[in-house]
Amino acid sequence: MTVVRRIAIFNILSIVSLISACGGSDSKNSSDPPAASGSSTSSTGSSTSSSGSTSSSGSSTSSSSSTSSSGATSSTTDVLTYHNDTMRTGQNLTETTLTPSNVNSSTFGLLRILTADAPVDATPLIASKVSIGGLTHNVVYVASEHDSVYAYDADSGAALAQVSLLGSGETPSDTHSCSQVQPEIGITATPVMDRSVGPNGTLYVVAMSKDSSGTYYQRLHALDLVTLADRVPAVVIQATSPGSGPNSTNGILTFQAGQYKERGALLAANGQIYTVWASHCDDMPYNGWIIAYNESTMAQTAVLNYTPSGTQGAIWNVAGLAADSAGVLYGLAGNGTFDITLSGTGFPSHADYGNAAIKVTSTGNALAIVDYFATSNTVSESNSDTDLGSGSPLLLPDQTDATGTTRHLMIGAGKDGNVLLLDRGNLGKFNVTTNHAYQYLASALPGGLFSAFAYFNGSVYVADVGGTLKAFALTQGLLPASPTSQSAATFGYPGSSPSVSANGASNAIVWAILSAESGAAVLHAYNPANLQQQYYNSTQAANNRDAFGNGQKFITPVIANGKVFVGTPNGVAVFGVR
């Protein structure tokens, strides 16, 4: 199959003059093919150096003041990965524009919608001070389920570049008769950026497609941040792993692109890009996979199948994997095979970790599970489709317990509504009669969790299905039995994944989206110290001024440089001071 690439050169200044600052158009997962380069349009045909770089950890970082293409002068912040950093805390502590005094329906609201050709399920990402065509832009990158990627000026809304990641003669994947991603499957997982790789920085994204013969592809792309061209040829994701389960053949498990979608966000750590894989509505056959690639060369570096003697066990939550400062990986697997017969060191005898929290080291060309936690009723929960991994993992900043000991903790929750606080130094493994978690809060989230936690200033924030937005304030490394604060509003399925903006410890705001796909989405802004105090919601202004369409299942608000970005069924809504 040949791949056609077409690059058109736009006149940036003409585009900017056409698009005003307030304009623009208004349940669970689950032969060697060619690499697709796709076709692209770009504002410039040449590569120009980015004006800054950030660490390869993918964390949100602030930079010095500069003047953007829109003429605004302010400090700027990058959001390079899902929920701002590899720990998935969801906090941006460098926001200097948005404050409780100006986030209200009189002075704050919808500015524009950045259009896309299909639903935007992947969370938008932000790179600040990108030099394109001789001008400096704060850029928001948008990925759609039609396998398109867009670069927009985050301040003016000007279109800067667009690329299709479809190969010649290809279309996005059909839905596999599964309603979880509609109406087609293209780019579902949140990409990740590394501004230190390549001449201008790199956006890594996985795109799913199929050709006219019905062959499915999953490809990993490394796109230049300026041109959106593939920095190196896209890689067709293929993998094999030793296995003896029902999905194996002659002792080998083979990754089949059509059986999977990538739902969990990509992760950049250790110089690698880590991908995780979900099923279509639990349609068999599938297993649990983590597949890693070198950031620079795109060579596959490691493959881990963590249900090799069984089935299922997908990682399908919105955050995917998290990583600590040492590059150790943490994940929450969905329903699947777990071996209740343990080795002498307490590990599953056949290395099956379905429905478990896992700790994974990444060394050279190897991924290895070095610790885990599974609930005492994990087998029955898997049998009833009660996934531990429906909620996303969050690694907490260091906490000090009552004895003065520093604790490195991880929080997670799933469909059963129980909150797990785990010690990352000793996750607790499996015991058939009791749960050896650091802390176990039974039924703390009655609706069950399909979303992600956020952290700020000693508290975690979360909204379960049909529940309120809740704050749990940590004290001496422990969570309270009930919320310390909660909103008056409730959040229907799938709940809400909040984010936090603040200037250090001041002017903090918790943002949450009512995002049911069958009804109008609503953006909320709250006082993190008292969730009964709502600063703003997008229904308050008259005449539906701030309405931005229906929700998307796993949408998470992104806050950077005085703007709030929210994925929609036809693009990205941009909110800010009006």
Side-chain angles (χ1 to χ4, degrees), residues 27-30 33 36 116-122 143-148 165-167 169-190 206-219 236-239 245-247 249 253-264 275-289 307 310-318 320 333-337 354-355 382-387 389-390 415 448 450 465 492-494 515-519 550-555 567 569-570:
S27 123
K28 174 174 131 182
N29 44 313
S30 302
D117 55 9
V120 175
D121 287 309
S144 83
E145 291 289 358
H146 198 70
D147 282 323
S148 296
L165 301 185
L166 293 168
E170 292 180 1
T171 63
S173 169
D174 58 283
T175 64
H176 295 260
S177 300
C178 176
S179 63
Q180 293 158 358
V181 177
Q182 293 283 353
E184 58 190 1
I185 304 174
I187 301 167
T188 307
T190 299
V206 169
M208 185 177 186
S209 62
K210 70 174 183 177
D211 63 22
S212 58
S213 66
T215 301
Y216 294 92
Y217 305 105
Q218 302 277 0
R219 293 187 180 94
V236 176
I237 294 176
Q238 303 174 97
N247 298 335
T249 301
L253 290 163
T254 300
F255 178 86
Q256 299 178 23
Q259 288 300 116
Y260 297 90
K261 61 175 174 283
E262 198 194 30
R263 170 64 273 180
T275 66
V276 295
W277 298 92
S279 69
H280 306 285
C281 288
D282 270 342
D283 292 343
M284 298 295 289
Y286 76 94
N287 292 81
W289 297 87
T307 54
T311 62
Q312 303 182 303
I315 292 177
W316 59 271
N317 59 71
V318 63
N335 60 297
T337 304
N355 217 48
S382 281
N383 290 338
S384 63
D385 194 38
T386 308
D387 296 57
S390 60
K415 289 183 180 178
F450 283 74
V465 176
Y493 179 83
S515 60
E517 295 170 283
S518 59
N550 284 2
Q552 288 296 110
K553 185 173 182 180
F554 286 125
I555 284 303
N570 62 352

Let me confirm one number: the [atom1]-[atom2] distance from [X] to [Y], rounded to the nearest 0.5 Å.
X	Y	atom1	atom2	result
His176	Asp283	NE2	CG	9.0 Å
Glu262	Thr190	CD	OG1	9.5 Å
Leu253	Thr311	CG	OG1	10.5 Å
Ile187	Leu165	CD1	CG	5.0 Å
Thr254	Gln238	OG1	CD	10.0 Å

Residue pair [X] / [Y]: nearest heavy atoms and the distance that separates them:
X	Y	result
Gln552	Pro569	OE1-CG, 3.4 Å
Ala314	Ala278	CB-CA, 3.7 Å
Asn247	Pro285	OD1-CB, 3.2 Å
Ala189	Gly264	CB-O, 3.2 Å
Lys415	Phe450	CE-CZ, 3.7 Å
Arg219	Ser209	NH1-OG, 3.3 Å

Considering only heavy atoms from C-beta outward, does the side chain of [X] approach that of [Y] to under 4.5 Å?
X	Y	result
Glu184	Asp147	no
Asp211	Tyr217	yes
Lys553	Val181	no

Next on the checklist: Is there a side-chain contact (heavy atoms from CB on, under 4.5 Å) between Trp316 and Ser390? Walk through the geometry before answering.
Outcome noted: CA-CA 7 Å; Trp316 59 271; Ser390 60; 3.4 Å; yes
Checklist entry - Between Ser173 (side chain) and Ile185 (backbone), is there a donor-acceptor pair under 3.5 Å? => result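 Absent.
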Checklist entry - What orientation do Phe255 and Trp277 show, parallel under 30°, tilted 30 to 60°, or perpendicular over 60°? => result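 Rings of Phe255 and Trp277: perpendicular, over 60°.
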Next on the checklist: Does the plane of the ring in Trp289 sit parallel, tilted or perpendicular to the ring in Tyr260? Use 30° and 60° as the thresholds.
Outcome noted: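 It falls in the perpendicular class, over 60°.
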Checklist entry - Would you say the side-chain atoms of Gln312 and Thr337 include a donor-acceptor pair closer than 3.5 Å? => result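 Their side chains do not contain a donor-acceptor pair, so the 3.5 Å distance test is not met.
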Item to check | Ser382: side chain to side chain contact (heavy atoms under 4.5 Å, CB included) partners, not counting sequence neighbours | outcome: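 Testing Ser382 for side chain to side chain contact (heavy atoms under 4.5 Å, CB included), a comparison that skips the adjacent residues, returns Asn335, Asn355.
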Item to check | Residues forming a side-chain hydrogen bond (donor to acceptor under 3.5 Å, both in side chains) with Ser144, sequence neighbours excluded | outcome: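 For Ser144 the side-chain hydrogen bond (donor to acceptor under 3.5 Å, both in side chains) partners, ignoring immediate neighbours, are Asp117.
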Checklist entry - Can Thr188 and Glu145 be said to form a side-chain hydrogen bond (donor to acceptor under 3.5 Å, both in side chains), step by step? => result CA-CA 6 Å; Thr188 307; Glu145 291 289 358; 2.9 Å; yes
Checklist entry - Which of these passes side-chain contact (heavy atoms from CB on, under 4.5 Å) with Tyr216: Gln256, Gln259, Glu170, Met208? => result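 Result: among Gln256, Gln259, Glu170, Met208, Met208 is the only option passing the side-chain contact (heavy atoms from CB on, under 4.5 Å) with Tyr216.
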Next on the checklist: Applying ring-ring contact (aromatic ring centres under 6.0 Å, His included), can you list everything that pairs with His146, at least two apart in sequence or on another chain?
Outcome noted: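 In terms of ring-ring contact (aromatic ring centres under 6.0 Å, His included), with neighbours along the sequence ignored, His146 is linked to no residue.
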